[in-house]
Amino acid sequence: MIDKNDKLDITIVGAGVIGCAVAYELGRCGAAVRVLESRDVGLGATQASAGVLAPYIEAHHPGPLRALGLRSLDMYDAFVADVVADSGKVVPYERTGTLEVATDDASLTRLEQTRQGLASAGVACRMLSQTEARVAEPHLGESVRGALLLPSQGFVGAAALTAALRRAGARHGVSFLTSHAASRLSVADGEIEIETAQGTVTSDAVVLAAGSWTGRVAVAGGAPLPVRPVRGQLLRLLWPGTRLARVIWSSLCYVVPWHDGSVLVGATVEEVGFDEGATVAGVTSLLDGVGNLLPATRDAGFDEVRVGLRPGTPDDLPIVGWSSAVPHLVYATGHYRNGVLLAPLTARLVADLVLDGRIDPLLEAVAPGRFDAS
Ligand SMILES: Cc1cc2nc3c(=O)[nH]c(=O)nc-3n(C[C@H](O)[C@H](O)[C@H](O)COP(=O)(O)OP(=O)(O)OC[C@H]3O[C@@H](n4cnc5c(N)ncnc54)[C@H](O)[C@@H]3O)c2cc1C
């Protein structure tokens, strides 16, 4: 926590879903917030995100990632309601559940084990036979062997949420400076300086939320964090039949049904560096996967392919908290496959930490010190 009688002046680097959520939270708590974004708001990994909110699928076993995801999912109803009220914008958001589908014996066994673990923890869930799964989702193909229904999970429109966070943040005085890339951070005279091509900005604190590009912002006195880009390609198709009732997930791909009749089909996972291009191989693998899972997709219209770079970390956990090497610097990065799910919680944890010095026990597992301790 920074001791200061006046309003705290905080600069956030990066306007993806994480930077925008943190800016909104700090702004509505009374801080003076500016966001520096090298391109425009939401054009990093966030624009490609499917927006699935599924902590039980992303973390099949109890552990820090599941604990973070569940806390954040619990916050989602109130978070979306607040952002909608403050922005006046519509944010598509549904908690209609997920159907995780098994297409072979091994995945069926794994899903049954997951169900047992969840049921013994008191989580509402149900295993469906092949017939029950195809009654629940008549479009499922014959390769389906069974499915795990988890009613509490859902999805949100990531781009709409980010645009609404920007508007809601602005209502609380947050300023967004687009085409402003931060190149270097350094501490001087009890403040932190941020160098940009347009000049140097000084703040009481910086929140570095530059996603995959975090390690490219030079930090005087600190080593670059090991955040790496993991490319994901995702398709938007125009669904030809009656709307799917919920998110469908399988080892081949996942499918998110929207009210406008489109579906998102995701996603590839590729270690190809900072390449944000789509490929024939990526698109083909997704079309093959979804054609097998939901044969009706073969009649779907092809709308677009989206590509984003997920910010991956060596232990697949985000990096959130004060830098252990550089004063005045907070990290909110490395959210890999779960940045949209974890946005409300990340924003809350950062605001509590910076404004009130409150250290939530969840911060221990995601502390920057596991990578930037000198
Ligand atoms: C295909 C795909 C599907 C996904 N599906 C889901 C999902 O279903 N659910 C889920 O929760 N998550 C999902 N994710 C992951 C999620 O999208 C990311 O975890 C999340 O978007 C990360 O947000 P971020 O704000 O940290 O990064 P980004 O959205 O990448 O934002 C970082 C921002 O920082 C800016 N920036 C970079 N360098 C600088 C600099 N030097 N100065 C100023 N600005 C800078 C960038 O331009 C960018 O706008 C998916 C990702 C992909 C690619």
Side-chain angles (χ1 to χ4, degrees), residues 11-23 34-55 57-58 68-69 72-73 76 98 153-159 161-162 165-166 176-185 194-197 201 206-219 227 229-236 247 249 253-256 264-270 274 276 278 282 286 305-313 316 318-320 331-347:
T11 298
I12 294 168
V13 176
V17 68
I18 296 296
C20 289
V22 172
R34 102 175 43 77
V35 182
L36 302 180
E37 164 55 51
S38 55
R39 295 190 272 191
D40 203 346
V41 173
L43 295 187
T46 298
Q47 52 72 38
S49 176
V52 178
L53 308 172
I57 292 179
E58 285 294 336
L68 291 161
S72 206
L73 186 64
Y76 240 98
T98 56
Q153 304 191 115
F155 60 98
V156 67
L161 174 64
T162 307
L165 282 165
R166 177 193 197 163
F176 288 84
L177 301 177
T178 55
S179 303
H180 275 66
S183 52
R184 186 169 184 272
L185 310 178
I194 309 107
E195 290 171 29
T196 74
V201 177
V206 166
V207 180
L208 192 43
S212 291
W213 298 269
T214 300
R216 292 191 158 186
V217 180
V219 179
V227 181
V230 182
R231 185 169 72 186
Q233 304 187 45
L234 173 132
L235 311 178
R236 183 171 184 271
V247 172
W249 197 284
C253 64
Y254 56 79
V255 181
V256 187
L264 293 180
V265 179
T268 62
V269 179
E270 303 165 83
F274 285 91
E276 290 177 286
L286 292 171
V305 51
R306 299 178 187 168
V307 185
L309 302 178
R310 307 174 185 90
T313 62
D316 291 344
I319 304 172
V320 181
Y331 287 105
T333 187
H335 291 77
Y336 190 37
R337 298 168 59 108
N338 291 292
V340 179
L341 170 64
L342 297 178
L345 176 64
T346 302

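Both counts, for ligands and for their atoms, begin at 1 and track the order of listing.
- The backbone N or O of Val307 sits less than 3.5 Å from a side-chain atom of Gln47, completing a donor-acceptor pair.
- Counting heavy atoms under 4.0 Å from ligand 1, residue His180 touches it through the backbone alone.
- Set against the non-hydrogen atoms of Ala210, the atoms of ligand 1 under 4.0 Å away are 32 (C), 34 (O), 37 (C), 38 (N).
- When each of Glu270, Glu276, Arg306 is paired with Gln233, the side-chain hydrogen bond (donor to acceptor under 3.5 Å, both in side chains) condition holds for Glu270 and for no other.
- Near Arg310, meaning under 4.0 Å from any of its heavy atoms, are these atoms of ligand 1: 51 (C), 52 (C), 53 (C).
- Remark: ligand 1 atoms within the under-4.0 Å shell around heavy atoms of His335 are 19 (O).
- Using a 4.0 Å cut-off to heavy atoms of Val217, the atoms of ligand 1 that qualify are 41 (N).
- For ligand 1, one of its N or O atoms has an N or O atom of Glu37 under 3.5 Å away.
- Of all the atoms in ligand 1, the ones that sit under 4.0 Å from a non-hydrogen atom of Val13 are 40 (C), 42 (N), 43 (C).
- Without hydrogens or angle criteria, Gln153 side chain to Thr98 main chain gives no donor-acceptor distance under 3.5 Å.
- Within the 4.0 Å heavy-atom criterion, neither part of Phe155 lies near ligand 1.
- Listed by atom number, the atoms of ligand 1 under 4.0 Å from Gly232 heavy atoms are 1 (C).
- Checking only distances, Ala50 does come within under 3.5 Å of ligand 1, N or O to N or O.
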query = Can you check side-chain contact (heavy atoms from CB on, under 4.5 Å) on Tyr76 and Val340, steps first, answer last?
reply = CA-CA 10 Å; Tyr76 240 98; Val340 179; 3.6 Å; yes
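- When heavy-atom distances to ligand 1 are checked against a 4.0 Å cut-off, Arg231 has no atom that comes that close, whether in backbone or side chain.
- Using a distance-only test at 3.5 Å, with no hydrogens or angles considered, a donor-acceptor pair links the side chain of Arg310 to the main chain of Arg231.
- Between Arg337 and ligand 1, a contact under 3.5 Å exists for at least one N or O pair.
- Any N or O atom pair closer than 3.5 Å counts here, and Ala332 shares no such pair with ligand 1.
- Listed for the Ser72 side chain is a donor-acceptor partner under 3.5 Å among the backbone atoms of Leu341.
- In this structure, Thr162 OG1 and Leu43 CG are separated by 10.0 Å, a value rounded to the nearest 0.5 Å.
- When hydrogens are left out, the protein atom nearest atom 31 (O) of ligand 1 is Gly16 CA, 3.4 Å; that is the closest non-hydrogen contact.
- Any N or O atom pair closer than 3.5 Å counts here, and Ala267 shares no such pair with ligand 1.
- Heavy-atom proximity to Gly14, at under 4.0 Å, picks out these atoms of ligand 1: 33 (C), 34 (O), 35 (C), 44 (N).
- Under a 3.5 Å cut-off, the side chain of Thr333 and the backbone N or O of Ala210 do not form any donor-acceptor pair.
- The heavy atom nearest to atom 44 (N) of ligand 1, out of those in Pro318, Gly51, Ser183, Ser38, is found in Ser38.
- With respect to atom 17 (O) of ligand 1, the closest heavy atom belonging to the protein is Ser49 CB, 3.3 Å.
- Within the structure, ligand 1 has Val17 among the residues with a heavy atom less than 4.0 angstrom away.
- Residue-ligand proximity: Ala181 is placed with a non-hydrogen atom under 4.0 Å from ligand 1.
- From the protein, the heavy atom lying nearest to atom 21 (O) of ligand 1 is Thr46 OG1, 3.0 Å.
- When only non-hydrogen protein atoms are considered, atom 19 (O) of ligand 1 lies nearest to Tyr336 O, 2.7 Å.
- Residue Gly211 has at least one heavy-atom neighbour below 4.0 Å for each of these atoms of ligand 1: 26 (O), 27 (O), 32 (C).
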key: Test log, rule side-chain contact (heavy atoms from CB on, under 4.5 Å), inputs Val41 and Cys20   = CA-CA 8 Å; Val41 173; Cys20 289; 3.7 Å; yes
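- Close N/O approach between Leu234 and ligand 1 is not found [any backbone or side-chain N/O within under 3.5 Å].
- Side chain of Ser212 to main chain of Leu309: a donor-acceptor pair is present (N/O by atom type, distance under 3.5 Å, no hydrogens or angles).
- Nearest heavy-atom pair across Phe155 and Val52 is CB-CA, 4.1 Å.
- When all heavy atoms of Ala21 and Ala347 are compared, the pair lying nearest together is O-CB, 3.4 Å.
- Between Trp213 and ligand 1, no pair of N/O atoms sits closer than 3.5 Å.
- Looking at atom 24 (P) of ligand 1, its nearest protein heavy atom turns out to be Ile18 CG1, 3.8 Å.
- Nearest non-hydrogen protein atom to atom 41 (N) of ligand 1 is Ala182 O, 2.8 Å.
- Nearest to atom 1 (C) of ligand 1 by heavy-atom distance, out of Ala45, Ala48, Cys20, is Ala48.
- The closest donor-acceptor contact from the side chain of Thr196 to the backbone of His180 lies at 3.5 Å or more, if one exists at all.
- Considering backbone and side-chain N/O atoms, Val340 comes within less than 3.5 Å of an N/O atom of ligand 1.
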